[in-house]
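Notes follow the structure.
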Amino acid sequence: SGLIVSFGEMLIDFVPTVSGVSLAEAPGFLKAPGGAPANVAIAVTRLGGKAAFVGKLGDDEFGHMLAGILKKNNVIADGINFDQGARTALAFVTLRSDGEREFMFYRNPSADMLLKPEELNLELIRSAKVFHYGSISLIVEPCRSAHLKAMQVARDAGALLSYDPNLRLPLWPSPEEAREQILSIWNQADLIKVSDVELEFLTGSDKIDDASAMSLWHPNLKLLLVTLGEKGCNYYTKNFRGHVDAYHVNAIDTTGAGDSFVGALLCKLVDDHSLIEDEGRLREVLKYANACGAITTTKKGAIPALPAHPEVLSIMNAK
Ligand code: ATP
């Protein structure tokens with residue numbers, strides 16, 4: 001099957017060993033490897049697809065640990081660079097008892113932000129059938145220029161461009177800057193996935209309806225998806241729009257659900273771009289992606305919770 005190249009950050013989340021505490025109260029932390037683009041690459045390979053990750057890690061124990069996780073999961077690692085000076089990015093994350101997520105990032109700068117355009121593995125990027133990315137890699141130079149170059153090279157080589165902004169407001173200088181930069185590459189994507197929260201943020205509207213989603217439409221876009229957590233997802237194409245319900249599961253940790261959803265979608269799309277034009281087949285694929293997202297919420301962490309194909313079939317058949 002065709003290659004999906006996922007570009008951006010990979011890092012370690014440190015999550016408290018007990019739930020419902022503030023970062024200061026946490027008695028200890030567990031390492032949870034993540035970073036949305038890395039999660040997407042692993043989501044793809046776990047489902048049987050072919051994926052590569054492009055990004056930079058620190059030349060430290062954590063960086064090599066993360067590269068090892070990608071390799072163990074059959075993700076092609078030829079696009080990974082190691083920075084000699086900066087550390088692998090870390091984030092301390094907790095879900096407080098009031099339900100709010102609290103983040104503390106160690107990126108001052110971290111290795112992922114230091115990827116240079118001239119360090120890109122262009123041969124690998126040119127072999128992509130789908131090139132996937134987020135917006136965290138747009139925040140600072142030189143990674144921003146590397147991101148823009150990689151997109152250009154992938155597109156010139158005929159790849160489908162897939163964009164999941166994955167808004168992390170605390171990483172941006174201001175909300176205005178985040179919105180402006182996220183939208184600055186909007187019109188280049190063939191496929192865009194946003195969450196309900198991102199839709200509200202980007203449109204400035206407090207409604208998650210068709211009109212606000214369509215205000216994000218651009219003429220070259222082929223598919224826009226709005227994920228709605230336990231409510232499933234909405235889809236928009238040039239010719240049709242609709243909704244696909246989620247699966248009912250006992251969600252314990254939603255981390256990575258969106259990445260699992262995207263990985264599943266890209267897996268199906270990579271060898272058959274035309275399914276976007278067939279509403280019946282697209283709905284089948286979105287059911288599959290919803291099932292992947294749902295399964296991912298039933299286990300702690302992102303990467304350990306990404307499903308393999310047989311698990312997805314079993315929840316789909318159980319319904
Ligand atoms: P992330 O938490 O990774 O940032 P996201 O906000 O990008 O996720 P979500 O909308 O939370 O994306 O989830 C993606 C998909 O996963 C949803 O469209 C849905 O199909 C499935 N999903 C997420 N949460 C649940 C849930 N609680 N129950 C069932 N399915 C879910």
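Counting convention: from 1, in listed order, for ligands and their atoms alike.
Taking a cutoff of 4.0 Å between a charged side-chain nitrogen and a carboxylate oxygen, K129 and D271 do not qualify as a salt bridge.
Side-chain contact of D272 with S274: a donor-acceptor pair under 3.5 Å is present, judged by distance alone.
A cation-pi arrangement is absent between K193 and Y163, since the terminal nitrogen or guanidinium carbon is not both under 6.0 Å from the aromatic centre and inside a 45° cone about the axis. Under the 6.0 Å distance and 45° angle rule, R179 counts as a cation-pi partner of F201.
The number of heavy atoms from other shown groups lying within 6.0 Å of CD (E123) does not exceed 12.
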Using a cut-off of under 3.5 Å, which N/O atoms of ligand 1 pair up with protein N/O atoms, and what distance separates each pair?
residue  : atom   : partner : partner atom : Å
ligand 1 : 2 (O)  : T254    : O            : 3.1
ligand 1 : 3 (O)  : G256    : N            : 3.3
ligand 1 : 3 (O)  : A257    : N            : 3.3
ligand 1 : 3 (O)  : G258    : N            : 3.0
ligand 1 : 7 (O)  : K193    : NZ           : 2.5
ligand 1 : 8 (O)  : G258    : N            : 3.2
ligand 1 : 10 (O) : T227    : OG1          : 3.1
ligand 1 : 10 (O) : G229    : N            : 2.8
ligand 1 : 12 (O) : T227    : OG1          : 3.3
ligand 1 : 18 (O) : G232    : O            : 2.9
ligand 1 : 20 (O) : N290    : OD1          : 2.7

Decide yes or no on side-chain hydrogen bond (donor to acceptor under 3.5 Å, both in side chains) for R241 and N234, but give the supporting numbers first.
CA-CA 7 Å; R241 62 178 69 168; N234 293 337; over 6 Å; no

